[in-house]
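What follows is a short report on a single structure.
Given the structure is predicted, the values throughout are model-derived calculations rather than measurements. This chain uses plain numbering: 1 for the first residue, then up along the sequence. Whatever order the structure lists them in is the order used to number ligands and atoms, beginning at 1.
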Amino acid sequence: MNRTVLIVEDEADLLKALVFNLRKGNYAVRQAMNGQQALREVLRAPRPDLVILDLQLPDMTGLEICRRIRADPTTRSMAVLILTARGEEIDRLIGFEMGADDYMVKPFSIRELLMRVQALLRRTTQSYAETSPQVIRFGLLRIDPDAFRVWINDEEIQLTSMEFKLLITLLERRGRLQTRDVLLNDVWGIDSYVRSRTVDVHIKRLREKLGQVGEYIETIHGMGYRLRSAP
Ligand code: CA
C-alpha cells in the first residue's frame with residue numbers, strides 16, 4: 001500500500017517540484033499551501049504517514065502546526081519533516097523541541113529529501129514490530145512496541161516516533177555505550193550529515209518526558225549515552 005505524504009509549502013514552484021518527485025517515488029501525495037488547509041489535510045482520511053512542513057506559512061507557523069499534530073492523540077505518531085529557510089542553530093533546536101522528527105534547510109537537494117522521507121517512513125513502520133513483538137518491561141517502564149505505547153508506573157506518556165525509536169534502541173542495547181554517531185546512524189538512519197546535537201536534543205526531551213525513569217539513561221561524557229543494564 002502506498003504511504004501518504006502531506007506537503008505543506010506556500011512556494012508554488014517548490015511545492016510543484018516536491019509533489020512531482022514524491023509521486024514519482026510512488027507515494028500518495030496531498031498538498032496544502034497554508035496552515036488552515038494543512039490542519040484539515042492532517043485530519044482527513046487516510047491520515048498522512050508523514051508531513052513535510054514548511055516553517056514560514058502565510059497564516060501560521062509550521063511550528064504551531066507541528067505542536068497541534070503532537071497534541072492530538074490521533075495524529076501524534078505522524079512523522080514530521082520540517083523545511084526551513086532559516087539556518088540558525090537556535091531555530092533548528094526549536095524545531096526539535098516542537099516535536100519534529102527531522103528538518104532540512106533550504107535550499108536542499110530533492111534527492112536528499114527523498115532519502116530522508118524514505119528513512120522516516122521505514123522506521124515508523126517496521127522496526128518496532130520486527131524486533132520486539134511483545135510488551136517490554138524494564139523497571140518502572142513498560143513498552144508495547146506494536147501499539148506504540150509507553151507507560152511509567154502504569155501511567156501512559158506520549159512520545160514522538162523518534163523519541164520512541166530512540167528509547168527502544170537504547171533499551172535493546174542496555175548496558176552498552178551508544179555513541180552519538182551510532183545513534184544517528186541507527187535511529188535516524190542518516191550518516192551523511194553531521195548533526196550530533198540532534199541526538200543531545202532528543203535525549204534531553206526524552207529524559208524530561210520519562211521523569212524519574214530518565215535517570216536510566218546515562219550520559220557518557222564526550223562519547224554518547226547508555227541505558228543502565230538494570231533498572
Ligand atoms: Ca514559506
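Inclusion of E9 in the first shell of the Ca ion (ligand 1) is not supported: no N, O or S atom falls under 3.0 Å. Metal site remark for the Ca ion (ligand 1): E11 contributes no N, O or S atom at a distance under 3.0 Å.
No more than 12 heavy atoms of other residues, nucleotides or ligands sit less than 6.0 Å from atom CZ of R137. More than 12 heavy-atom neighbours from other residues, nucleotides or ligands sit within 6.0 angstrom of CZ on F108.
Relative orientation of the Y216 and F138 rings is perpendicular, given thresholds of 30° and 60° on the angle between their planes.
Remark: at the Ca ion (ligand 1), atom O from Q56 and atom OD1 from D10 enclose 90°, rounded to the nearest 10 degrees.
Under the 4.0 Å criterion applied to side-chain N and carboxylate O atoms, R70 and E163 are not assigned as salt-bridge partners.
Looking only at N/O/S atoms, D54 comes nearest to the Ca ion (ligand 1) through OD2.
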